[in-house]
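For this chain, numbers begin at 1 and follow the sequence in order. As a basis for the values below, the full set of heavy atoms in this structure was taken, side chains included, without hydrogen atoms, waters or symmetry mates. Every value quoted in this text rests on a predicted model; they were computed, and no experiment measured them.
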Amino acid sequence: MSKIRVLPEWVPQACLWVGWPSDRDLWEDDLAGAQREVAGLVNAISDRLPVRLVASTVEAAETAKNQCFGHVTVRILPMGDIWLRDTGPIYAVHNHQPVGLTFAFNGWGGKYDLPGDRETASAMLGVDRFAAKPHSFVLEGGAVDQDGTGTLLTTRQCLLNPNRNPAWTEADGEAALKSAFGATRIIWLTEGLAGDHTDGHIDNIARFVAPGRVVCQQPTGRDDPNADVYLAIEAGLRDTGLSVITIPSPGRIESADGVAAASHLNFVFANGRLIVPVYDEAIGARAVAALQASLPQFEVIGQPSNAILTGGGSFHCISQQIPADLFDVEDAP
């Protein structure tokens with residue numbers, strides 16, 4: 001019987017893939033700001049975690065080399081835009097061999113069909129010559145979060161959406177997730193954030209930080225557009241028996257299109273560091289302090305992410321980790 005093992009994000013990592021904003025037509029006036037913020041993420045971790053930046057043009061690659069320092073390499077690979085968490089592979093161990101789990105990708109339910117996005121996963125796997133383990137159903141990496149011991153979080157709004165897998169029942173989704181990820185328990189939350197183009201990705205609303213331990217957000221300000229959603233998420237998580245940490249949400253963050261799906265949970269683990277997106281300096285400092293108090297084993301660092309947010313996501317959305325064990329898995333249990 002085949003065995004899939006997906007390691008949690010806080011284990012030692014060999015490197016972190018990060019998408020570099022490259023397309024001027026997509027980013028327009030926000031391109032330079034988004035590049036500065038991605039460089040801020042990279043430079044906050046590259047002294048202890050090698051970073052592989054993906055650029056889609058020679059010009060963008062040169063800009064990346066000029067702004068990013070430390071253990072950083074830049075590769076020009078097919079990429080519609082920077083959301084590698086969704087378009088790239090999910091690295092795993094299959095029968096003691098490193099593989100990349102790949103899924104059907106339909107542009108977040110047909111919203112954004114960008115040339116290159118469907119080739120990104122195979123190009124990334126080709127760098128290390130890891131085999132692909134393909135799955136035929138539609139899934140983006142930001143739609144699932146796992147604790148490394150068999151529990152997987154996701155949302156009905158995304159995975160059961162008619163624009164992803166229209167024939168699925170909850171039982172169908174559960175069976176597919178258990179088979180693809182080796183999960184033994186699926187926890188379904190109902191919906192994600194207002195203004196989220198991904199239709200409720202889990203990495204904006206609930207993240208595992210240890211086996212059986214999850215962090216979610218509480219409303220900030222009287223006009224927090226997600227107040228009811230946050231309270232429902234916390235109650236739902238507590239009902240499952242998980243250990244729950246709460247931190248402040250960013251509150252109401254506006255974009256040109258209305259309410260933006262800003263989240264302090266779109267953070268990145270980086271070999272003992274936790275890099276948290278910040279949208280308001282004072283509120284972000286509160287969220288960082290709350291995470292630091294609850295997770296003393298990590299150095300928690302806040303970094304600005306307002307320009308990246310104009311594209312629809314933040315640090316977790318633009319990255320994908322390769323666990324260190326994948327480069328030495330012959331003796332894996």
Side-chain angles (χ1 to χ4, degrees), residues 1-17 45 48-49 84-86 88-103 130 133 135 139-155 159 173-189 201-216 236-238 240-245 265-276 291 294-300 315-317 319-333:
M1 181 177 179
S2 65
K3 182 178 179 181
I4 290 287
R5 186 165 60 104
V6 180
L7 297 168
E9 296 183 30
W10 51 84
V11 302
Q13 299 173 11
C15 66
L16 185 73
W17 287 100
I45 64 177
R48 67 171 59 187
L49 174 62
L84 303 186
R85 183 68 50 177
D86 296 341
I90 296 175
Y91 292 89
V93 177
H94 178 233
N95 292 338
H96 305 296
Q97 296 296 322
V99 297
L101 308 181
T102 61
F103 302 87
F130 288 174
K133 184 169 175 51
H135 298 275
L139 179 136
E140 305 97 38
V144 294
D145 197 72
Q146 300 165 85
D147 77 344
T149 61
T151 301
L152 183 149
L153 284 169
T154 191
T155 70
L159 282 197
E174 193 151 322
L177 293 171
K178 286 181 176 179
S179 175
F181 293 102
T184 55
R185 183 189 187 194
I186 310 299
I187 295 176
W188 295 88
L189 299 179
H201 272 189
I202 197 73
D203 62 359
N204 271 338
I205 60 172
R207 295 285 304 281
F208 280 117
V209 291
R213 195 177 192 202
V214 66
V215 58
C216 62
L237 291 170
R238 292 192 186 280
T240 67
L242 295 172
S243 172
V244 179
I245 300 167
L265 299 186
N266 212 272
F267 51 64
V268 171
F269 290 95
N271 285 356
R273 288 188 182 136
L274 194 65
I275 312 301
V276 180
L291 282 167
S294 297
L295 304 171
Q297 69 272 37
F298 297 104
E299 179 187 6
V300 184
F315 300 147
H316 191 253
C317 300
S319 62
Q320 184 61 257
Q321 71 284 343
I322 303 183
D325 279 5
L326 264 67
F327 286 95
D328 184 21
V329 299
E330 293 299 322
D331 298 322

If we ignore hydrogens and angles and just use 3.5 Å, is the side chain of [X] paired with the main-chain N or O of [Y] as donor and acceptor?
X      : Y      : answer
Asp86  : Gly142 : yes
Thr154 : Ala143 : yes
Arg207 : Cys216 : no
Glu299 : Gly272 : no
Asp203 : Asn266 : no

Do [X] and [Y] have side chains that get closer than 4.5 Å, going by heavy atoms?
X      : Y      : value
Gln13  : Phe269 : yes
Gln146 : Leu153 : no
Val93  : Val99  : no
Asn271 : Ile45  : no
Ser319 : Trp17  : no
Phe298 : Leu291 : no
Thr151 : Phe208 : yes
Asp145 : Ile202 : yes

Inter-residue atom distance [X].[atom1] - [Y].[atom2], 0.5 Å rounding:
X      : Y     : atom1 : atom2 : value
Phe130 : Tyr91 : CZ    : OH    : 7.0 Å
Ile90  : Ile4  : CD1   : CD1   : 11.0 Å
Arg273 : Arg48 : CZ    : CZ    : 3.5 Å

Side chain to side chain contact (heavy atoms under 4.5 Å, CB included) involving Pro8 - partner list, sequence neighbours excluded: Trp10, Val11
Identify the heavy atoms of [X] and [Y] that sit nearest to each other, and give their distance.
X      : Y      : value
Thr149 : Pro211 : CG2-CB, 3.8 Å
Ala206 : Leu237 : CB-CD1, 4.1 Å
Leu326 : Ala92  : CD2-O, 3.5 Å
Asn204 : Leu265 : O-CD1, 4.0 Å

After noting the C-alpha distance and the side-chain angles of His135 and Leu101, does the key distance pass the side chain to side chain contact (heavy atoms under 4.5 Å, CB included) rule? CA-CA 7 Å; His135 298 275; Leu101 308 181; 4.3 Å; yes
Let me see the working for Arg85 and Glu9 under salt bridge (charged side-chain N to carboxylate O under 4.0 Å, His left out), right down to the final yes or no. CA-CA 12 Å; Arg85 183 68 50 177; Glu9 296 183 30; 3.7 Å; yes
Take Leu295 and Arg213 through the side chain to side chain contact (heavy atoms under 4.5 Å, CB included) test and state the conclusion after the steps. CA-CA 11 Å; Leu295 304 171; Arg213 195 177 192 202; 3.8 Å; yes
For residues 174-187, run the donor-acceptor check on the side chains, cut-off 3.5 Å, and write out each pair with its distance to 0.1 Å, sequence neighbours left out.
unit_1: Glu174; atom_1: OE1; unit_2: Trp188; atom_2: NE1; d: 3.1
unit_1: Thr184; atom_1: OG1; unit_2: Gly150; atom_2: O; d: 3.4
unit_1: Arg185; atom_1: NH2; unit_2: Thr240; atom_2: O; d: 2.7

Using the rule given for side chain to side chain contact (heavy atoms under 4.5 Å, CB included), can you reason through His94 versus Lys3, listing the C-alpha separation, both sets of side-chain angles and the distance that settles it, and then say yes or no? CA-CA 6 Å; His94 178 233; Lys3 182 178 179 181; 6.0 Å; no
